[in-house]
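Below is one structure, written out as structure tokens; the observations come after it.
Proteins get letters first, then strands, A, B, ... in listed order; numbering begins at 1 in each. Values below: every heavy atom of this structure, side chains too, minus hydrogens, waters and symmetry copies.
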Number of protein chains: 2
Amino acid sequence: MLTNSRLVHQAHDHGRCINAALTRALDLCVERKARMTPTREAVLRLLWQSHQPLGAYQLQDQLATMLDKPIAPPTVYRAIEFLLQLGLIHRIASLNAYIGCPFPNSDHSNLFMICNNCGSAAEVAHASINDLLQTASDKANFTLQSQTLELFGLCPQCASTENESK
Amino acid sequence: MLTNSRLVHQAHDHGRCINAALTRALDLCVERKARMTPTREAVLRLLWQSHQPLGAYQLQDQLATMLDKPIAPPTVYRAIEFLLQLGLIHRIASLNAYIGCPFPNSDHSNLFMICNNCGSAAEVAHASINDLLQTASDKANFTLQSQTLELFGLCPQCASTENESK
DNA sequence: AAGTGTTACGTTATAATATAACATTAAAAG
DNA sequence: CTTTTAATGTTATATTATAACGTAACACTT
Ligand SMILES: [Zn+2]
Ligand SMILES: [Zn+2]
Ligand SMILES: [Zn+2]
Ligand SMILES: [Zn+2]
């Protein structure tokens, strides 16, 4: 079970997360002969500002501030599209929001654990869950191609805070 | 593993599906002292017209035709909201669409198998997947509250058609 | 360096999904 | 019957996402 859950839910040197993500991104661009332009890098940075998914229009606002010029929606969505294609970010369907992928090299039938309180989202690659989903699909004669798995609840931090306040 | 997968993906007496759904809905309304108004019933019927999820604005169009008068979005969303509350329908987050629930009495941490070709969506209650998700959550100290599980691929029918055409 | 094709970006408009706010009507309760 | 509550109608608007078309930057050939 590969996960960034501990990093997401605990204090940590987040600068490292960002740097690691950018390095991986640049490497991947070289490998795929894709171009990491300033806008794309800015969006990726913004999505790595925290471990909470951001909506496209939040990105738009922050991007406009960051680049100090007005940014139109297509600019944001183009960068998102590019980063999604490369597998550097994910879309969280139930939130209409986007988040950086902590392990863009894995095979990516991952799930997210999303905190209803603080909004943080941890990504989890869980082989046996995937196996089970595959088995269930096989049994139903369903040809599995992709999946959206989003768990909602309370992250460790928020859960313990809730308990205190009782 | 409780599922309507066979019904969804095969020819069947769909009138039965509709009638059964309506009966269950009326029963549930009595039980919960909720009111099944004409608009709500119409929306539920529309969502049971097929085993494919419908968007809110598709519902709006069809509802307007069905009731032969203009229908505004809030009317549709109110009916959706009501039916969601009662657990009679589900929202498919990755499609922004809604579908009737074939077993509104189960405990409802279900998953969907959605055909990328024909759009049909089968609902599956799979205890061992839920157990595994619960275990994974526990391990991560994540307090699981709800989940969105949407599998995409090819339904049995569409998969075999694809094979033929090769 | 100049030409050429490709990729990314800018700009405007609009589509698609969803909700807020307030007025009106219908139903249930007393 | 009247009071209260629940449901619906109506208008406007918020939020998310894309279409269409023009321009600029880049990269490759000659
Ligand atoms: Zn971090
Ligand atoms: Zn939290
Ligand atoms: Zn049916
Ligand atoms: Zn199909």
Legend entry - Any donor-acceptor N or O pair under 3.5 Å, side chains A:Gln85, A:Glu81: yes
Legend entry - B:Ile71 CD1 - D:dT11 C1' separation (whole Å): 15 Å
Inset, instruction - Check the distance between D:dC26's P and A:Arg35's CZ and give it to me in whole angstrom. - result: 7 Å
Legend entry - B:Gln134 and B:Asp138 side chains, donor-acceptor separation under 3.5 Å: yes
Inset, instruction - Using side-chain contact (heavy atoms from CB on, under 4.5 Å) as the criterion, list what pairs up with A:Thr65, not counting sequence neighbours. - result: none
Legend entry - For atom CG of A:Leu54 and atom C1' of D:dT15, their distance in whole Å: 15 Å
Legend entry - Among A:Gln10, A:His9, A:His14, side chain to side chain donor-acceptor pair (under 3.5 Å) partner for A:His12: A:His14
Legend entry - Atom pair distance, as rounded to whole Å: CE in A:Met36 and C1' in C:dC9: 16 Å
Legend entry - D:dA7 phosphate, OP1 or OP2, under 4.0 Å from B:Thr39 side-chain N/O: no
Legend entry - Rounded distance (Å) that lies between atom P of D:dT10 and atom CD of B:Gln60: 13 Å
Inset, instruction - Considering non-hydrogen atoms only, spot the tightest contact between B:Thr148 and B:Ala93 and give its length. - result: CG2-CB, 4.2 Å
Legend entry - Annotated protein contacts, base or backbone, on nucleotides 14-21 of chain C with a non-hydrogen cut-off under 4.0 Å, one of B, S, - each: ---BBBBB
Inset, instruction - Indicate, with a heavy-atom threshold strictly under 4.0 Å, whether B:Lys69 touches base, sugar-phosphate, or nothing. - result: sugar-phosphate
Inset, instruction - Would you tell me if any nitrogen or oxygen in the side chain of A:Thr75 comes within less than 4.0 Å of OP1 or OP2 on C:dG10? - result: yes
Legend entry - B:Arg40 vs D:dA7: side-chain N/O to OP1/OP2 distance below 4.0 Å: yes
Legend entry - Closest heavy-atom pair and its distance - B:Gly87, B:Cys101: O-CB, 3.7 Å
